[in-house]
Enquirer: 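Have a look at this one before I ask anything.
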Amino acid sequence: MSNGDKYDVYDKELYRKLFHHANDAIFVNEIGDIPLQSKCIEVNEVACKLLGYTRDELLRMTPEMVIDIGNETETNQIIENLLRDHRNTYEAVMFSKEGERIPCEISSHIIEVKEKRVVLSVARNVTHRKKIEEEQRKAREAAELASRAKSEFLSNMSHEIRTPLNGISGMIDLTLMDDLSERQRENLELAKSCAKTLVKIINDVLDFSKIEAGKMVLENTEFDFYKVLDKVIGLHSVQASQKGIVVEYSVDPMFPQMLIGDAGKLQQVMNNLIGNAVKFTETGKIVVKISKCFVDEGVMQFMFSVTDSGIGISDEEMKYLFQSFSQVDGSITRKYGGTGLGLVISKRLVEMMGGEIRVESHKGKGSTFSFTVPCGFNLNPENQKETNSVLTVPKFKDSLNIVLAEDEKVNQIMMKKLLEKAGGKVDVVQNGNELLSILNKKIYDIILMDIQMPEMGGIEAAKTIRSMDKSEISQIPIVALTAYAFEQDKEKIFDVGMNACIPKPINIPVFFETIEKLAYSKKQKTDDFPI
């Protein structure tokens, strides 16, 4: 035997061992006119073990007897790709001798052996992987279901709390417009402050839920920063002065007036940080500083810091600062109240805006919270329209016929009085059924409608109105008065043809501005072009 023959025998033995001891099942088939009916000319031991057949049994079988690639279209496409590219990887189910379905990932190659073309297929058992994928899929579905349930619960909770709160706030505002003694006014202002605190708690929980669900959206509009700052400082200066604390603030003289970004989110973070400083400071003062740096091509780094002389935070307590629903210890929670979400929300909002939040503090010596976010700016703003912040009820320029659909008694009384103060003629109904009935008897300039009512809610009522044949009814403007707070709730409102959505507790200036805009627009169309 020559050396060449030795090497040939050695090579055959090596390849035989590699073939039979591979990790995956290997099949070799001839290429026939119908590939899935082609003859099997070789299999390895792993293939026999995987399917439970002997080698001789498998050599008498065709691919279609042990494999299910999918429907006819998918099967034809896989074969076509293999014949064109000479290779293809796909998933299929193989059947064992006992009838067990075994999911496999198969890699097929067309190769040439002794001037004959054959298909070499390597099949890997992916049962374990498929089991993990199925578990992950179920876990995702369960998480999505839980998220939807949480959102629905929070939405309903928001409605249940905001609806009576709307009545409380509205009745307080109405009473504050009357002649009152100093003591009566102080009591009502305190009650209104409590109502605002409750709204803030609700908003904190809902904001946290939106952030967790990835539903929080940032705006990018131009706004007057000094007006935002005046609101923030003014809001907290009153509370600080009641505690004998001074709030000082300084702004970089070169700080631009007009910024481009999300004014609401920026104000929310500043409110949270200054509010905490006032809450946790009993004596001394609070210093707020606003400056800028890294100005480049219309973008700058907005820098904000608030330093207090309050209780301070130890190194050990620092770890609780940005955790959900927690404060540094239980006694502080009991003494100062709150949800423990303010700093968590602030941190998330700052990070969403591309910034960073930091804290420096020493126990008993106060704290400094600061954050930076990138902002656009405009050095040449147009003249900004001044706004009037005094709470008044405007007078409608023409008498308006208004129908209010609201089932809560306090809200009925409060909104009816507000609208009548403005010169409106108001009819009140309890639900959607009563609304549809009264619309057939009288024509109105505008419909104000709660979303959640007994018998027939606002969504169903609005859908019915918009589908009516009578155009004088179907085209009446509809304003949703809703305690719901999620974007998907607003989408439902607009999808059924409502014209506007006013959240509860209502903002009185926005309330009247919306009514006048829609009602007079409808009256104008009616006068000029009969609907």
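All values reported here derive from a predicted model rather than from experimental measurement. Here, residue 1 is the first one in the sequence, and each next residue gets the next number.
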Enquirer: So, does Glu460 use its side chain to make a donor-acceptor pair with the main chain of Met456 at under 3.5 Å?
Expert: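 Between the backbone of Met456 and the side chain of Glu460 there is no qualifying donor-acceptor contact (under 3.5 Å).
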Enquirer: Sequence neighbours left out, what passes side chain to side chain contact (heavy atoms under 4.5 Å, CB included) with Val479? Give chain and number order.
Expert: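 For Val479, the residues satisfying side chain to side chain contact (heavy atoms under 4.5 Å, CB included) (neighbours in sequence not counted) are Ile446, Leu448, Leu481, Ala500, Ile502, Thr514, Leu518.
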Enquirer: About how many Å separate NZ of Lys492 and CE of Met498, when rounded to the nearest 0.5 Å?
Expert: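 The NZ atom of Lys492 is 12.0 Å from CE of Met498, to the nearest 0.5 Å.
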Enquirer: Could you walk me through whether Glu133 and Arg129 pass the salt bridge (Lys or Arg N to Asp or Glu O under 4.0 Å) test, one step at a time?
Expert: CA-CA 6 Å; Glu133 288 175 353; Arg129 191 188 79 192; 3.4 Å; yes
Enquirer: Name all residues meeting the side-chain hydrogen bond (donor to acceptor under 3.5 Å, both in side chains) criterion together with Asp407; count only those two or more places apart in sequence or in a different chain, and write none if there are none.
Expert: none
Enquirer: Compare all side-chain heavy atoms of Ile459 with those of Ile493 and state whether any distance is below 4.5 angstrom.
Expert: yes
Enquirer: Is Val269 close to Val373 at the side-chain level, that is, under 4.5 Å between some pair of heavy atoms?
Expert: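 Side-chain contact under 4.5 Å: no.
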Enquirer: Can you list everything that forms a ring-ring contact (aromatic ring centres under 6.0 Å, His included) with Phe225? Sequence neighbours excluded, please.
Expert: Phe255, Phe302
Enquirer: Between Ser309 (side chain) and Thr283 (backbone), is there a donor-acceptor pair under 3.5 Å?
Expert: yes
Enquirer: Would you say Val428 and Ile413 make side-chain contact, with heavy atoms under 4.5 Å?
Expert: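 The answer is no; the side chains never approach within 4.5 Å.
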Enquirer: Please check if atom OH in Tyr249 has more than 12 non-hydrogen atoms from other residues, nucleotides or ligands closer than 6.0 Å.
Expert: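 Counting other residues, nucleotides and ligands, OH of Tyr249 stays at 12 neighbours or fewer.
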Enquirer: Among Asp178, Asp173, Thr175, which one satisfies side chain to side chain contact (heavy atoms under 4.5 Å, CB included) with Leu188?
Expert: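 Filter result, single survivor: Thr175.
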Enquirer: Would you mind listing every ring-ring contact (aromatic ring centres under 6.0 Å, His included) that reaches into residues 169-189, with sequence neighbours excluded?
Expert: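 Applying ring-ring contact (aromatic ring centres under 6.0 Å, His included) to every pair that reaches into residues 169-189, excluding sequence neighbours, yields nothing.
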Enquirer: Is it true that, when you exclude Glu360 itself, more than 12 heavy atoms of the residues, nucleotides or ligands shown sit nearer than 6.0 Å to its CD?
Expert: no
Enquirer: Side-chain donor-acceptor contacts of residues 416-425 below 3.5 Å, not counting sequence neighbours, with atom names and distances?
Expert:
from, atom 1, to, atom 2, distance (Å)
Lys416, NZ, Glu420, OE2, 2.5

Enquirer: Taking only residues two or more places apart in sequence, or in another chain, which ones meet Met352 in a side chain to side chain contact (heavy atoms under 4.5 Å, CB included)?
Expert: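 For Met352, the residues satisfying side chain to side chain contact (heavy atoms under 4.5 Å, CB included) (neighbours in sequence not counted) are Met216, Leu218, Leu349.
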Enquirer: Which value, rounded to the nearest 0.5 Å, describes the distance between Met353 atom CE and Lys265 atom NZ?
Expert: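 One finds 8.5 Å between CE of Met353 and NZ of Lys265.
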Enquirer: Just wondering, more than 12 heavy atoms not from Arg183 lying within 6.0 Å of its CZ?
Expert: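 It does not: Arg183 CZ has 12 such atoms or fewer within range.
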Enquirer: Looking only at side-chain N and O atoms, does Ser370 offer a donor or acceptor that is under 3.5 Å from a partner on Ser305?
Expert: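 Result is no, nothing qualifies.
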Enquirer: Keeping Tyr520 on the side-chain end and Asp398 on the backbone end, is there a donor-acceptor pair under 3.5 Å?
Expert: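 Pair found, side chain donor or acceptor close to backbone of Asp398.
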Enquirer: Please name the residue in the list Val232, Ile245, Val247 that meets the side chain to side chain contact (heavy atoms under 4.5 Å, CB included) test with Ser237.
Expert: Val247
Enquirer: Sequence neighbours left out, what passes side chain to side chain contact (heavy atoms under 4.5 Å, CB included) with Glu219? Give chain and number order.
Expert: Thr221, Asp262
Enquirer: side-chain hydrogen bond (donor to acceptor under 3.5 Å, both in side chains) with Asn431: which residues, sequence neighbours excluded?
Expert: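 Testing Asn431 for side-chain hydrogen bond (donor to acceptor under 3.5 Å, both in side chains), a comparison that skips the adjacent residues, returns none.
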Enquirer: Do side-chain atoms of Asp308 reach the backbone of Gly366 as a donor and acceptor pair under 3.5 angstrom?
Expert: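 Side chain of Asp308 to backbone of Gly366: no pair is present.
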Enquirer: Tell me, please, which residues at least two apart from Ser346 pass side-chain hydrogen bond (donor to acceptor under 3.5 Å, both in side chains).
Expert: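 Applying side-chain hydrogen bond (donor to acceptor under 3.5 Å, both in side chains) to Ser346 gives Asn272.
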Enquirer: Could you work out, with salt bridge (Lys or Arg N to Asp or Glu O under 4.0 Å) as the rule, every residue matching Arg466, not counting sequence neighbours?
Expert: none
Enquirer: Residues in side-chain hydrogen bond (donor to acceptor under 3.5 Å, both in side chains) with Gln136, at least two apart?
Expert: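 Partners of Gln136 by the side-chain hydrogen bond (donor to acceptor under 3.5 Å, both in side chains) criterion come out as none, since no residue qualifies.
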Enquirer: Keeping the roles fixed (side chain from Ser467, backbone from Thr464), state whether a donor-acceptor pair exists under 3.5 Å.
Expert: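 Confirmed, Ser467 side chain pairs with Thr464 backbone.
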Enquirer: Is there a donor-acceptor pair closer than 3.5 Å between any side-chain N or O of Asp450 and the backbone N or O of Ala405?
Expert: no
Enquirer: Give a yes or no on this: more than 12 heavy atoms of other residues, nucleotides or ligands lie within 6.0 Å of atom CD of Glu182.
Expert: no
Enquirer: Walk me through whether Arg348 and Glu351 qualify under salt bridge (Lys or Arg N to Asp or Glu O under 4.0 Å).
Expert: CA-CA 5 Å; Arg348 301 282 185 90; Glu351 290 172 350; 5.4 Å; no
Enquirer: Applying side chain to side chain contact (heavy atoms under 4.5 Å, CB included), can you list everything that pairs with Ser250, at least two apart in sequence or on another chain?
Expert: Lys289
Enquirer: Is the number of heavy atoms from other residues, nucleotides or ligands within 6.0 Å of NZ (Lys285) greater than 12?
Expert: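 No - once you tally the heavy atoms of other residues, nucleotides and ligands closer than 6.0 Å, there are 12 at most.
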